[in-house]
Structures are given as structure tokens and as C-alpha cells.
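Here's the structure we're looking at; comments come further down.
Values in this document were obtained by computation on a predicted structure and should not be read as measured data. Hydrogens, waters and symmetry mates play no part in the numbers below; they use all other heavy atoms, side chains included. Note that ligands are numbered from 1 as they come in the structure, with each ligand's atoms numbered from 1 the same way.
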Amino acid sequence: MATISNAVPPTARTLKRIGVWGAPESGKTTFLAALNVAVARSSTDLLIYGTDDEATEFLAENTAMLTSQRRFPAATETNRPLSWTMHIPSQRPVAKRFGRQAIEPVNLQFNIDLLDAPGRHMASVRLAGGRAGEELFGDDDPASEPEEVIEHLAGCDGIVFLFDPIREQTEGDAYEYFQGTLLRMAQRRFGQGGAPTAKLPQHLAVCVTKLDAPAVYRRAKLGGYRTFDENDPYLFPRVHDDSAAHFFAELCRASDLGNADLVPKAISHYFRPERVKYFITSAIGFYVGGGASRFREHDYQNAVRESDGSYHIRGPIHPINVVEPLLWLAKCLAMDQRA
Ligand SMILES: Nc1nc2c(ncn2[C@@H]2O[C@H](COP(=O)(O)OP(=O)(O)OP(=O)(O)O)[C@@H](O)[C@H]2O)c(=O)[nH]1
Ligand SMILES: [Mg+2]
């Protein structure tokens, strides 16, 4: 039986690589940019900082962009490696004498090496119709940026996969981007001789983005997925982790244009089920302002479209499930290290 130890928490350092994967405009850069705010708003005692100037600059610049300028980051033009450290209070099981186990508190110092890459680098191989992937992968240049992305993802311990239901409705290309990357990762892992049942080793946090967008929020509400946490002073709507996988599958099935319904199948074919978890997220969260102190059903949109087609953010950002996928990955990877 496990007992709680009273020892002073030791610090466990781990160097892990986390990849962020998603189609263009799926929200990768905004998700990372919102992380700083998500950490600051978290009820857990977390800390995040860059381990070099580039990573610190990214956090500082993009946090200011979202919070002061109230604009979204620009589309990513080129691969940008980012190296951060997160401090996470956690617990780990330790073996005691006589075959007993104890749970001990531990401060995880989690070094995250990320690559923020343009989504177009994750396109499929030689797509029909001259889409982005054709010219990008055409010469198979190993030094090219798309190759660097695949190389990075294949070598990651954990992956945050972002699925944007809005883009899927207009472009219908989520599966295209998903399977292009997946096949190349599998090729690197298994080569020519992989067993048919072999799975990729990574932990995968599947994150549906833009819950705050009306098309996604309405579907969550009408489908009965919406919940409220009574401990949340803002009473923001969420989708509980237990039903996140169902909601994700429903959004994938709802795609009239593309083949997104194949994405959940592909996930279960390529990844171990116990290493996959689903999160319904929003980097900017819902609007609270104009004298209101909590979420209001009739005025929740935080991203509004301007006449030039760009979006601006109306009020403070309240990221939803942005830090949680990383916390989950950190915990899984800390356990793995122990094994
Ligand atoms: N409503 C809403 N829109 C978002 C959110 N996050 C991103 N967006 C929108 O999605 C657009 C693209 O976001 P990015 O973060 O640049 O997406 P990306 O995946 O990094 O795109 P590339 O770098 O081009 O691959 C933004 O300009 C916003 O319009 C969100 O949390 N809510
Ligand atoms: Mg980007």
C-alpha cells in the first residue's frame, strides 16, 4: 500500500523534447505564446522561463502581443527552436523496504526543447494539385526545414498535436497534414521492417484548439459536452477531459470537406492508447469585460474580425487547457524516466 512521505521535496531534473504539430493556422504559435499567461493564472505553483535569449524573447514578445497589443502572433515563416524550463510540483512513487511503495513529493524541473515551425512544413508528401507539400518535399533535401520538423518530431518524447475545427470546416486538410507527418515519423522509427502492430513511442496530447470560437463553442454546448467548474470564479465553459476524446471524434466526423474522420483512427493505429490524452483548449479563452466579472452567454467572443480580415483580441486572455497538456506530458515523462 502506498503511503505519503513527509520528506523535503527533492528536485528531479529531466531534459525532454516536446514537439508541437498541427496544420497551418491551427494555433501552434498562439498556444505557445499563451503559455506564459496560462502559467501565471494557474492555481498550481508553476514557473516557466527561457533557457536562452531567443526563448525568453519569444515569451516576452508574444505575451505582450496577446495581452497589451491584443493581437495574434504573425504566421510562422521559418523554424524557430525554443528552449524553456518549467518547474512543476509533482509526486512520484518510490520503492521502500519490504516491497512497499511510498509516494513522495518532487519538484520536477522540466526542460522543454520545442520547435515552433510553420504548419506548411507538415504537409503531406507530393500532394496532388500543387499544394504546399509538393514543392516543399519534392527534392527530399535532408537539410530542408520540413525535414528538420519531421526529424524533431520523430525524436520527441512528447507531442502536442493541435487540431483546428474551424480550419477543417473551410479547408478540410487536417488529415492531409496529419498523415503526411505521421508516415514520415513512422518511416524514421520503423524503417522498412517494422512489425505491423508496432506503435510510436511518444506520448501524444491531442488538443482541439479555439473552443472560444462560436462554431466550436456552439457544438460543445449543443452536443452536451459543455461543463462549468464551480470553483472557477469566471465560470468559464469547458469540456471535461473524460468527454474530450468523444468531442474530438465528433468534430472530426463533422468535416464535410476533408477526411478528418480518419484522424482518430490513425491516432489509435500509431500511438499506444495509454499514451494519448485529449484536451479541448482555447489559447485566448472567452471574453470577460464591460463590467462583467464572469462568463456571459450572450457576449463571450474574445476574437473579433476587423475590416481588413485580421482578428483582434477584445479583452484579457484566459487560456483554457493550455498548461494542462504540458503538465500531463511532464508527469508521464517523469514516470517513464523512473521506469
Ligand atoms: N478564436 C481563436 N482564434 C485563434 C486562437 N488561437 C489562434 N487563433 C487564430 O488562428 C490564427 C493562426 O494562429 P497561429 O498561432 O499563428 O497558428 P499557427 O499554427 O502557428 O500557424 P502557422 O505558423 O502558419 O503554421 C490566429 O491568427 C488567430 O486568428 C484561439 O485560441 N481562439
Ligand atoms: Mg506559427
Side-chain angles (χ1 to χ4, degrees), residues 19-38 41 58-59 61-63 65-67 69-82 114-124 131-133 136 145-146 148-149 152-153 159-171 173-174 176-178 180-181 207-220 236-239 251 279-288 295 299-306 308-325:
V20 181
W21 174 17
E25 294 174 30
S26 54
K28 299 180 292 298
T29 308
T30 311
F31 190 91
L32 295 175
L35 193 56
N36 205 18
V37 178
R41 290 199 190 278
F58 178 94
L59 276 187
E61 265 174 24
N62 288 299
T63 304
M65 171 99 73
L66 290 175
T67 55
Q69 299 168 37
R70 297 203 169 151
R71 305 204 71 85
F72 286 97
T76 309
E77 291 298 335
T78 169
N79 290 353
R80 193 169 178 184
L82 298 165
L114 275 159
L115 188 70
D116 184 28
R120 64 192 156 82
H121 286 179
M122 299 170 198
S124 196
R131 307 282 299 264
L136 284 164
E145 287 212 337
E148 187 192 13
V149 175
H152 171 79
L153 286 174
I159 297 179
V160 178
F161 168 63
L162 300 189
F163 174 80
D164 173 7
I166 308 284
R167 181 181 170 98
E168 184 53 23
Q169 273 172 15
T170 54
E171 304 290 325
D173 55 7
E176 215 166 77
Y177 280 94
F178 183 77
T181 308
C207 298
V208 171
T209 55
K210 310 180 187 177
L211 172 64
D212 62 286
V216 187
Y217 172 65
R218 273 201 298 267
R219 194 172 269 275
F236 286 131
R238 290 166 174 275
V239 173
L251 289 166
F279 300 87
I280 311 300
T281 78
S282 165
I284 61 167
F286 296 96
Y287 175 69
V288 176
F295 173 83
D299 189 19
Y300 64 78
Q301 252 182 281
N302 210 2
V304 286
R305 203 175 189 141
E306 291 177 346
D308 64 359
S310 68
Y311 281 88
H312 93 264
I313 302 167
R314 280 171 77 200
I317 70 163
H318 293 271
I320 293 177
N321 271 346
V322 166
V323 82
E324 286 78 355

| query | Taking the side chain as C-beta and beyond, is there a heavy-atom pair between Glu168 and Leu251 under 4.5 Å? | reply | no
| query | Are Asn321 and Thr281 close enough, and set up right, to give a side chain to side chain donor-acceptor pair (under 3.5 Å), and what steps lead you there? | reply | CA-CA 5 Å; Asn321 271 346; Thr281 78; over 6 Å; no
| query | Is there a donor in the side chain of Thr63 and an acceptor in the side chain of Asn36, or the other way round, less than 3.5 Å apart? | reply | yes
| Any salt bridge between Arg120 and Glu25, counting N to O under 4.0 Å? | no
| request: Could you name all protein N, O or S atoms found under 2.8 Å from the Mg ion (ligand 2)? | output: Thr29 OG1, Thr76 OG1
| said: Quick check for you: to the nearest 0.5 Å, what is the distance between Thr170 atom OG1 and Ile166 atom CD1? | reply: 8.0 Å
| task | Could you tell me how the ring of His318 sits relative to the ring of Phe236: parallel (under 30°), tilted (30 to 60°) or perpendicular (over 60°)? | result | tilted
| Pairwise side-chain contact, Phe72 with Ile313, heavy-atom cut-off 4.5 Å (strictly under) | yes
| task | Please step through side chain to side chain donor-acceptor pair (under 3.5 Å) for the pair Asp164 and Ser26, ending with a clear verdict. | result | CA-CA 5 Å; Asp164 173 7; Ser26 54; over 6 Å; no
| query | At a 4.0 angstrom heavy-atom cut-off, what protein residues surround ligand 1? | reply | Ala23, Pro24, Glu25, Ser26, Gly27, Lys28, Thr29, Thr30, Phe72, Ala75, Thr76, Pro118, Gly119, Lys210, Asp212, Ser282, Ala283, Ile284, Ala303, Tyr311
| query | Are the charged groups of Arg167 and Asp173 less than 4.0 angstrom apart, N to O? | reply | yes
